[in-house]
Amino acid sequence: MVRVKLSSGEEGSFNSGITVRETIEALNPTLLKDALAAKVNGVLVDLSYPLDADAFVEPVTFDSKEGREVFWHSSAHIMAAAVKRIFPSVKVTIGPPIETGFYYDFDFERSFTPEDLEKIEEEMARIVEEDHSFERMELSKEEAYRLFKDLGETYKLEILDEIEDDTVSLYKTGDFVDLCRGPHIPSTGYVKAFKLTSVAGAYWRGDERNKMLQRIYGVSFPTSKQLRSYLNFLEEAKKRDHRKLGKELKLFLIEEEVGPGLVIWLPKGATVRRVIEDYWKEKHEKAGYKLIYTPHVGKAQLWETSGHLSFYKENMFPEMKIENVSYYVKPMNCPFHIHVYKSELRSYRDLPIRLAELGTVYRYEKSGVLHGLLRVRGFTQDDAHIFCREDQVEDEIKNTVQFAIEMLGDFGFKDLNIYISTKPEKAIGTDEMWEVATGSLIKAVEALGLEYSIEEGEGAFYGPKIDITINDAIGREWQCSTVQFDFNLPERFDLNYRDSDGSEKRPYMIHRALLGSLERFFGVLIEHYAGNFPVWLAPIQARVMSITDDQVEYALDVAEKLKSEGIRAEADVRNEKIGYKIRAAEVEKIPYMVVVGKREMEEGKVSVRRKGKGQVGSLAVDELINMIREEIETKRTEV
RNA sequence: GCUGGCGUAGCUCAGCUGGUAGAGCAGCUGAUUUGUAAUCAGCAGGUCGGGGGUUCGAAUCCCUCCGCCAGCUCCA
């Protein structure tokens, strides 16, 4: 007999060997409807798993991450089964679940076409219809080896070679057998809705020296309604694409003749950037930073000392020679900031020293990784370096993290995630330094009462770091802030300060960027707001439109008045119908549309229409000014 | 960088199997004087990504380079 307790509370005793499914069915049958798999004493298993000891059973559904992974993993099997049916000569490799959906890598003599995908989808539908169960089989390694050898599945043999256990598990669905740890959903019929989304090349085991395989991506859901809403999400993301909006709204340009990954900020984008920069500079001065400017190039010697030429050279633009001396365009600002630190003898009383710069750097990025504003070759970091004593580390980190959160909040990003990366295997610096630094990161976020997760061993070789990502309006995560300790550069440049006891000490150096880079941040802003910037950031805040030629002068006057109040306003006095002008303003996503006709002119008023809200009504010009200014000053993000 | 797809007017796109380019929007000119998401008409606009080749003839076929897109690998 075994005692079983369900996570929903029910308990019962059963004969040993009873399956998980049967226990759920007996104790709480309603749970069975959505259950895909189950956790038995914390271990994920199939519903067909036989119990031979007392167990705590938690049904796993699509609502949990684990459930989705099981579901998508099983979907990948179904896809592989379909591909094998249609193209028996393909070799299968691996097919894991991913964040949303799944993929499976195949070795095939040609690449798959969109037509192939359709055929595969049809075959998958058939397999789902046939409702094969996922049968688990346990074989000895030798038996499995023979089986896959007979099937000609050489990649599976390679995987088998790496498995240390003597027995391995296989799953069989219909005529398709795959080496797999499991668990799986009970049968193929559970996958009610799916779609293959794309094909792409991928290296076997992600190593570019290996053979390129054909990867097919897909998503699947227990109901077609869920699939539809996911496809809607993709549509929505497409509409927000900053590359598309950047062109439509004339924000920026990336021109072939200028060079890939090099951004030209058009007047409207440049306006947004200027507002961001002004705000950023003001905030930094208030927070005790000193703003500096440094050159775009530096002598090779500088990069030798900093170590960049030994560990970062492949990301740098190549050497240039002037009067027989080598120079490099800067990929980072730190060496220059260090020279600011070194320009004076520093006392313990001088610390912390916080140096900030909107520093433009250039990095060689492989052509294939460039992506709009999000991944470019020339960009401006909102960079700063903090030099401090050990007893100041904790406060500095805490203040920096708080500063980042406050700043991101002003841009409308309130939903954040925090990751702390700890010491990697290969690292420099003493254990004590790592402990102090890592501890200060953890203490800082805990003191601020924030949730965080630890990324074990993900820190840079020169120090631990804390990354802050934001979740945008449609739930996507973007990397922005990073706060990193650097144990390397103070050593290399021999930084020090005179302590109170007269001894020389090495300062702690913290590297941080809050927005990340202006280019990327701008890209994220565009996507988050779908081009509808909050008024304080909008390139054009108000457009005054005349109804007939009789109001041209009045319209120009109103626009002038707004401008004199610091509002970015302009007038549209073209000889066009008001509907045309409104439409133009709507398309350009201008927040305030100010209509003036005969009535308004006579009363000295304006008719206001707010984008995203509609008609506001007739207002005096001063009332409009107050309304817009209030929205600017509070940096309001909601319409 | 690798794999696959793509590159036609400022923008969005059409142009079947080769027969020296077309639409809408934007622009310009004119008419119209208009009340909250497109008034009408006319005009102008392209070495079809660059170079080479096949052909009587290439936007269309081949080669090569460049760029873009989706991934892979890597990241602010």
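Quick caveat: nothing in here was measured; it's all calculated off a predicted structure. Residue numbering restarts at 1 for every chain, and letters A, B, ... go by the order of the sequence lines.
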Can you check the distance between [N] and [M], where both ends of the measurement are the [atom1] atom (answer in whole Å)?
N	M	atom1	answer
rA23(B)	rA9(B)	P	14 Å
rA26(B)	rU3(B)	C1'	38 Å
rU8(B)	rC68(B)	P	14 Å
rG24(B)	rA70(B)	P	31 Å
rC56(B)	rU20(B)	C1'	13 Å
rG15(B)	rC75(B)	C1'	42 Å
rA14(B)	rG51(B)	C1'	27 Å
rG22(B)	rA44(B)	P	13 Å

For atom [atom1] of [X] and atom [atom2] of [N], their distance in whole Å:
X	N	atom1	atom2	value
I582(A)	rG35(B)	CD1	P	12 Å
K613(A)	rU36(B)	NZ	C1'	16 Å
R574(A)	rG27(B)	CZ	P	6 Å
Q214(A)	rG5(B)	CD	C1'	12 Å
K589(A)	rA37(B)	NZ	C1'	12 Å
W204(A)	rC72(B)	CH2	P	17 Å
Q551(A)	rU36(B)	CD	P	14 Å
D572(A)	rU36(B)	CG	C1'	13 Å

Any base atoms under 4.0 Å from [X], or only sugar-phosphate, or nothing? Heavy atoms, all strands.
X	result
G597(A)	base
K598(A)	base
V361(A)	nothing
E248(A)	nothing
I547(A)	base
E588(A)	nothing
R215(A)	sugar-phosphate
Q479(A)	sugar-phosphate
R243(A)	sugar-phosphate

Kindly point out which of [options] is positioned nearest to the side chain of [X]?
X	options	value
R520(A)	rC75(B), rA37(B), rG7(B)	rC75(B)
R583(A)	rC74(B), rA38(B), rG67(B)	rA38(B)
T548(A)	rU33(B), rA70(B), rC66(B)	rU33(B)
K577(A)	rU33(B), rU39(B), rU12(B)	rU39(B)

Checking side-chain polar atoms at under 3.5 Å, does S546(A) have a donor or acceptor matched by the opposite partner on K581(A)?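 A donor-acceptor contact under 3.5 Å links the two side chains.
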Checking side-chain polar atoms at under 3.5 Å, does T422(A) have a donor or acceptor matched by the opposite partner on E456(A)?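 Yes, side-chain donor-acceptor contact under 3.5 Å.
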Within less than 4.0 Å of OP1 or OP2 of [N], is there a side-chain N or O belonging to [X]?
X	N	value
S367(A)	rG1(B)	yes
Y217(A)	rC72(B)	yes
K250(A)	rC11(B)	no
Y580(A)	rA26(B)	yes
R609(A)	rA37(B)	yes
H371(A)	rA70(B)	yes

Watson-Crick or G-U wobble partner for rU3(B), using a 3.5 Å limit on both distances?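 Partner of rU3(B): rA70(B).
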Pair assignment for rG24(B), Watson-Crick or G-U wobble, requiring both distances under 3.5 Å: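 Paired with rC11(B).
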Can [X] and [Y] be counted as an ion pair, charged N to O under 4.0 angstrom?
X	Y	value
R599(A)	E603(A)	no
E527(A)	R476(A)	yes
K239(A)	D241(A)	no

Using a 5.5 Å cut-off between ring centres and planes within 30 degrees, is F379(A) stacked on the base of rA76(B)?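 Answer is yes, a stack.
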Answer yes if the ring centres of F387(A) and H337(A) are under 6.0 angstrom apart, and no otherwise.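 No: the rings miss the under 6.0 Å criterion.
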Y217(A) ring center within less than 6.0 Å of F102(A) ring center: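 Ring centroids of F102(A) and Y217(A) are no less than 6.0 Å from each other.
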Please figure out whether A584(A) or Q484(A) has its closest RNA chain B nucleotide nearer the 5' end.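 By nearest-heavy-atom nucleotide position, the 5'-most residue is A584(A).
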Could you pick out which residue, G368(A) or S607(A), lies toward the 5' side of RNA chain B when each is mapped onto its nearest nucleotide?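 Final value for this comparison: G368(A).
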Is any side-chain N or O of E600(A) under 3.5 Å from a base N or O of rG35(B), one able to act as donor and the other as acceptor?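 Yes.
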Fit a plane to each ring of F106(A) and Y104(A), take the angle between them on a 0 to 90° scale, and name the class: parallel (under 30°), tilted (30 to 60°) or perpendicular (over 60°).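 Judged by the thresholds at 30° and 60°, the geometry between F106(A) and Y104(A) is parallel.
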